[in-house]
Engineer: 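Questions regarding the structure given below will be posed in turn.
These numbers come from a predicted model, not from an experiment.
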Amino acid sequence: KYNVYKFGPINGSVAAPTGVQIGFMGFSTSLSMVDSNIQPDFTVAPPQAQNPFSGAGNFPNAVGYFQQRLTMGGSNNAPETFDMSQPGLYHNFDVSDPVRPDDAITGTLVSRQVNVIEHFVAMPGGLVTFTTGGVWQIAGTAEGVSPQTVQATPQAYNGCSKVPPIPINYDILYVQLKSSIVRALSYSFYNNIYQGEDISVLAAHLLAGFQIKEWTYAEEPTSIVWAARGDGTL
């Protein structure tokens, strides 16, 4: 089917001049539609196509999913910016004017430093976003995340390396920026915030002078995280 939009006649023009409001009139399953003096709905405007990732330097560094939206961010040109697709339409980043709740979302983590977005991890409280300088949580209201409700809240001020974080139940393990410290984020349902701590402090001799290059979680039988150090030791 085809969505059909309409604007009022202006000096006999057959194309909408710049700045003229256009509203939704209806849809048709053919290549024509009869306008029986239909009043358009100006709260529903035609989509405005956009591709935030076209051009050199705009390729995303991190990718994730949250509330049926594909989320990407951390490009060279905009290291703190994230883009969310329309819900359920993972390759559609179109927007509307006026803005609709199901439009694509573009946001920027505003902080005192420019820190690159490295990872996204979807959790019950929101989309936990790891950067080279800290951890943020991207969330909306009880009705969900939308262009009108999206907000980003800082959670921790320890940067994350390129090693992907590991979510375990309501906690997230991640390798700190220099790859020699392992930290844990524990979610507090009461405060709706993550609290972090260094869990490798009692085993610093295993990591001092080395870097974690890769790791994985073996849930069964004894819940062990296996980490590969730079010298090949597991």
Side-chain angles (χ1 to χ4, degrees), residues 57 59-66 70-82 84 107-139 151-234:
F59 306 134
N61 179 58
V63 62
Y65 292 91
F66 183 61
L70 173 63
T71 304
M72 294 188 281
S75 67
N76 289 342
N77 291 340
E80 293 185 300
T81 297
F82 61 90
M84 293 180 164
T108 300
L109 306 177
V110 181
S111 61
R112 294 182 298 172
Q113 295 179 334
V114 177
N115 299 306
V116 181
I117 296 175
E118 294 286 3
H119 310 283
F120 296 111
V121 178
M123 296 295 282
L127 183 66
V128 182
T129 303
F130 293 83
T131 75
T132 54
V135 183
W136 296 68
Q137 180 172 257
I138 300 172
Q151 55 185 333
T153 307
Q155 307 289 307
Y157 293 94
N158 302 105
C160 182
S161 72
K162 289 190 175 296
V163 178
I166 298 178
I168 303 176
N169 295 326
Y170 296 113
D171 298 335
I172 305 176
L173 302 183
Y174 73 99
V175 180
Q176 199 168 306
L177 182 61
K178 301 302 181 181
S179 302
S180 297
I181 295 176
V182 176
R183 305 191 69 87
L185 287 176
S186 299
Y187 182 65
S188 172
F189 283 93
Y190 181 77
N191 297 317
N192 189 27
I193 196 171
Y194 283 88
Q195 299 173 338
E197 62 176 336
D198 178 2
I199 63 171
S200 59
V201 63
L202 298 180
H205 61 286
L206 296 177
L207 299 176
F210 300 98
Q211 291 184 329
I212 294 178
K213 295 298 184 180
E214 295 287 347
W215 65 356
T216 189
Y217 175 51
E219 183 176 8
E220 298 291 344
T222 52
S223 297
I224 294 179
V225 173
W226 295 96
R229 292 192 321 200
D231 64 345
T233 300
L234 192 62

Engineer: Can you tell me how far the NZ atom of Lys162 sits from the CG atom of Leu177, to the nearest 0.5 Å?
Structural biologist: 10.0 Å

Engineer: Quick one: which residue pairs count as a salt bridge (Lys or Arg N to Asp or Glu O under 4.0 Å) with a foot in residues 208-222, not counting sequence neighbours?
Structural biologist: none

Engineer: Given the rule in the side chain to side chain contact (heavy atoms under 4.5 Å, CB included) test, do Tyr174 and His119 qualify, once you have shown the distances and angles that lead to the verdict?
Structural biologist: CA-CA 10 Å; Tyr174 73 99; His119 310 283; over 6 Å; no

Engineer: Please say which of Thr131, Thr132, Thr108 ends up in a side chain to side chain contact (heavy atoms under 4.5 Å, CB included) with Ile117.
Structural biologist: Thr131

Engineer: Pairs in or reaching into residues 167-188: which pass salt bridge (Lys or Arg N to Asp or Glu O under 4.0 Å), with residues at least two apart or in two chains?
Structural biologist: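 Every candidate salt bridge (Lys or Arg N to Asp or Glu O under 4.0 Å) pair involving residues 167-188 fails, so no pair, neighbours aside, qualifies.
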
Engineer: Just wondering, do Tyr194 and Gln137 contact through their side chains at under 4.5 Å, heavy atoms?
Structural biologist: yes

Engineer: Test Asn115 against Glu80 for side-chain hydrogen bond (donor to acceptor under 3.5 Å, both in side chains), laying out the working first.
Structural biologist: CA-CA 6 Å; Asn115 299 306; Glu80 293 185 300; 4.7 Å; no

Engineer: Heavy-atom distance under 4.5 Å between the side chains of Val182 and Trp215, does that happen here?
Structural biologist: yes

Engineer: I'd like to know if the side chain of Ser179 and the backbone of Gln211 have a donor-acceptor N/O pair within less than 3.5 Å.
Structural biologist: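 Side chain of Ser179 to backbone of Gln211: no pair is present.
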
Engineer: Between OH of Tyr65 and OG1 of Thr71, what distance do you get to the nearest 0.5 Å?
Structural biologist: 9.5 Å

Engineer: Under the rule for side chain to side chain contact (heavy atoms under 4.5 Å, CB included), what residues qualify as partners of Ala139, not counting sequence neighbours?
Structural biologist: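 For Ala139, no residue satisfies side chain to side chain contact (heavy atoms under 4.5 Å, CB included) once neighbours in sequence are set aside.
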
Engineer: Give a yes or no on whether the ring-centroid distance for Phe120 and Phe66 is below 6.0 angstrom.
Structural biologist: no

Engineer: With rounding to the nearest 0.5 Å, note down the distance linking CG in Leu127 to CZ in Phe82.
Structural biologist: 8.0 Å

Engineer: How far apart are the closest heavy atoms of Tyr217 and Ser223, and which atoms are they?
Structural biologist: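 In terms of heavy atoms, the two residues are closest at OH-OG, 3.4 Å.
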
Engineer: Quick one: pull up CZ in Phe130 and OG in Ser161 and give me the separation to the nearest 0.5 Å.
Structural biologist: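 Going from CZ on Phe130 over to OG on Ser161, the span is 10.5 Å.
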
Engineer: Using side-chain heavy atoms (C-beta onward) and a distance below 4.5 Å, is Leu207 in contact with Ile181?
Structural biologist: no

Engineer: Using a distance-only test with no angle check, is there a side-chain donor-acceptor pair under 3.5 angstrom linking Asn77 and Ser75?
Structural biologist: no

Engineer: Do other residues, nucleotides or ligands put more than 12 heavy atoms under 6.0 Å from the OH atom of Tyr170?
Structural biologist: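 Incorrect, the count does not exceed 12.
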
Engineer: Ignoring hydrogens and geometry, is there a side-chain-to-backbone donor-acceptor pair from Gln155 to Thr153 under 3.5 Å?
Structural biologist: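 Yes; judged by distance alone, with no hydrogens or angles, the pair exists.
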
Engineer: Are the side chains of Ile199 and Leu173 in contact, using a 4.5 Å heavy-atom criterion?
Structural biologist: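 SC-SC contact between Leu173 and Ile199 confirmed.
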
Engineer: Please check if the number of heavy atoms outside Asp231 that lie under 6.0 Å from its CG is greater than 12.
Structural biologist: yes

Engineer: Return the CD1 to CG distance between Ile168 and Leu185, rounded to the nearest 0.5 Å.
Structural biologist: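 Reported value, rounded in 0.5 Å steps: 12.0 Å.
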
Engineer: Between atom OG1 of Thr129 and atom CD of Glu118, what is the distance when rounded to the nearest 0.5 Å?
Structural biologist: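 Here the rounded value is 12.0 Å.
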
